[in-house]
Structure formats: C-alpha cells, structure tokens
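Following: one structure in structure tokens, then a few remarks.
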Number of protein chains: 2
Amino acid sequence: MLINLDFESDEPIYQQLVHQIIDGIARKELQPGDSLPSVRSLASDIGINLHTVNKAYQQLKQEGFIQIHRQKGVVIHPEGVPKADEDYKKRLIHHLRPYVAESICREVSEAEFVELCKSIYKTYQGGHS
Amino acid sequence: MLINLDFESDEPIYQQLVHQIIDGIARKELQPGDSLPSVRSLASDIGINLHTVNKAYQQLKQEGFIQIHRQKGVVIHPEGVPKADEDYKKRLIHHLRPYVAESICREVSEAEFVELCKSIYKTYQGGHS
DNA sequence: TAACTGTTATACTATGAATATAACAGTTAG
DNA sequence: CTAACTGTTATATTCATAGTATAACAGTTA
C-alpha cells in the first residue's frame, strides 16, 4: 500500500500512519490476513525512524486493527476489526461535536453537513480513495 | 457562561476553551455583541494562567468568532461568525475523513453515522446543551 | 551461523503547552 | 491626576510529547 506522509503537517507522523492504514482497510485495499511491512522495512522505505512506525503499529494493535506475531509478522486482524460498541460511538460523538458546533456557527445546515458525510462515505464505497 | 475544563484530558486547555466558547455560540447562549470576560478575570476564575486564555482568544479572533477592542474588551463578533466557504468545507472533510474511515472499519453504516450526526445537531436546536 | 522478526531500554533534540513575572500602552472611573 | 483596569508583548522556566539514534535481547527462519 502507498504511504504518503506530510512532514509539514501538524498531525504527528505516527498518527498519519495510523490513519492511512485505517483508510486502507476502509477502502478494502487492506483485507483481513494481509501482511504489513516490518517496522524496520517500512521505516526504511519512508525514511523515518523504526520507533515511529512501531508506535503506530502498537496503537493499531491496541485498537484491534492488526495482530502482531513473533513469527508471522504484522497482519491485518484476520477476524476483522472489532465492531463499534456503545463506548466507541460515545467517543465518536465526543470527537464530532466540536465540528458540528463550528459548522452551526458558520451556518452549515444539518442537511448540508449530512450530505458532506455521505460524500465522504461514497469515496470508500467506490473502492478507491 | 459556564466553563468546565478537564485538566486530565489530552485536549489542551486553550483548545477546550476555544471549543466551549464556539459551543456556547452554537447554542445561542452567546450572541453577537455579547461580552466575554477579560483574559485576566477569566483566567483567575478558572484558575489558569492569563496567557492560556489569551491564546484561546487569539485563535477565536483569528477565526472570526470574536472581536477584541482596546476599549470595549472582548465581544462575540457583532456581525456574526463568517459563513462557511469552500475552504472551510474542504478542511472539514479532511478532518472528518479519519472518523468515517474508522467507522466503516467498525461496520458503522452510512445511515447510522448520519443519524449520529443528526443527533448531535439536535442537541443544539433545543437551545440547551 | 547469519539474517531477519518484534520488543525494550536509554539518551538526545525539538517543539508545544502551561505557568510565572514583568512591563508597555491605552482607557476609564474616582 | 491617580489608580485600576484593558489587551499586548517579552522573557524564562517547567513539563510532556514527537522523533531520532543506537544498542541490545529473544525468537524465527533460511
């Protein structure tokens, strides 16, 4: 999978890595059981430190997106990513709330906001980003 | 307006301040022309440093939510917050995308995600948080 | 044995968040 | 005029996080 980092961004590199891999899973480009590069090779390919990659992998493991075996290496979770529970939805609402609030202040209607979210969803249904 | 900060949160204090004031505007509790406390008094009330409040105010000013006059003090922008332009919507999409991607991985349907956004919108239409 | 794997430990630099003081310049009430 | 406020700026310090650098350990595999 192609990894494209923005070293000028405010978003930390390891967080960009996490997001891009999740994005790859959402786009079905990465499927259950698929292998990911080792921390050293990926770090070397991108030109960053191995610890930065490891930090991203650890977070992805923690959140159930990947499995890390001593022997098999790093793979997308074979049994699929854990489905959203109430706790996840609660945190999701907590994260989305500020964006909704600002949008309301800027007179973005509920309908327009919803259409915007749908348009984002569509970029994943198509099968390519 | 009531300010409630979480000092244990990962979200910086000044960012929480920004979000809560925007939230107050979205809830119509803060209306165009309304006064906000001085940096010193608000900092004193909350028990934080004046620079932390100032940082939040500067960001709110930069984004068009408030005006700061030497004499009149700090007021919610009298002519209203600048409406969303294409650039804002572009940035909004860029921020929402990772949440959509993770939700797709966790099998949150587009319909469910949309309903979730609508439920957030409703908490503002009611007039209280 | 050699080359790989994830993992851990340590140390360093850089940046941002938050605080602490202090001062400057302007406004306003007594 | 003085005193108390206003926003603003400057400087310094502490602390946490991001990122890098190097090294080593333990297990796997060709």
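By convention in this document, chain letters (A, B, ...) are assigned in the order of the sequence lines, proteins followed by strands, and residues within each chain are numbered from 1. Reckoned from all heavy atoms, side chains included, excluding hydrogens, waters and symmetry mates.
Annotation: proximity of residues 52-68 of chain A to DNA chain D (heavy atom, distance under 4.0 Å) is found for A:T52, A:K55, numbered in ascending order.
In this structure, D:dA30 forms a base pair with C:dT1, meeting either the Watson-Crick or the G-U wobble geometry with both donor-acceptor distances under 3.5 Å. In this structure, C:dG30 forms a base pair with D:dC1, meeting either the Watson-Crick or the G-U wobble geometry with both donor-acceptor distances under 3.5 Å. When both pairing distances are held under 3.5 Å, C:dA11 makes a Watson-Crick or G-U pair with D:dT20.
Looking at the side chain of B:V39, the nearest of the listed nucleotides D:dG7, C:dT5, D:dA18 is D:dG7. Each of D:dG19, D:dA24, C:dT19 was ranked by its minimum atom distance to the side chain of B:N49; first place goes to C:dT19.
Side-chain atoms of A:S41 and A:S44 include no donor-acceptor pair closer than 3.5 Å. Side chains of B:Y121 and A:S109: no donor on one and acceptor on the other come within 3.5 Å.
The line from CD1 of A:I25 to CD1 of B:I104 is 12.0 Å long, rounded to the nearest 0.5 Å.
Atom pair B:H69:NE2 and C:dT27:P shows a separation of 13 Å (rounding to whole Å applied). Going from atom CG of A:L50 over to atom P of D:dA21 covers 11 Å, rounded to whole Å. B:H51 places its NE2 atom 9 Å from the C1' atom of D:dT11, with the value rounded to the nearest Å.
Electrostatic pairing of B:K122 and A:E110 does not count as a salt bridge here, judged by no charged N lying under 4.0 Å from a carboxylate O. Between B:R91 and B:D87 there is a salt bridge, since at least one side-chain N of the basic residue sits less than 4.0 Å from a carboxylate O of the acidic one. The residues A:R106 and A:E102 are annotated as salt-bridged, a charged nitrogen and a carboxylate oxygen being separated by less than 4.0 angstrom.
Using a 4.0 Å cut-off, some side-chain N or O of B:Y14 falls inside it from OP1 or OP2 of C:dA17.
In this structure, A:K72 and A:F7 both approach DNA chain D, and ranking their closest nucleotides by distance from the 5' end singles out A:F7.
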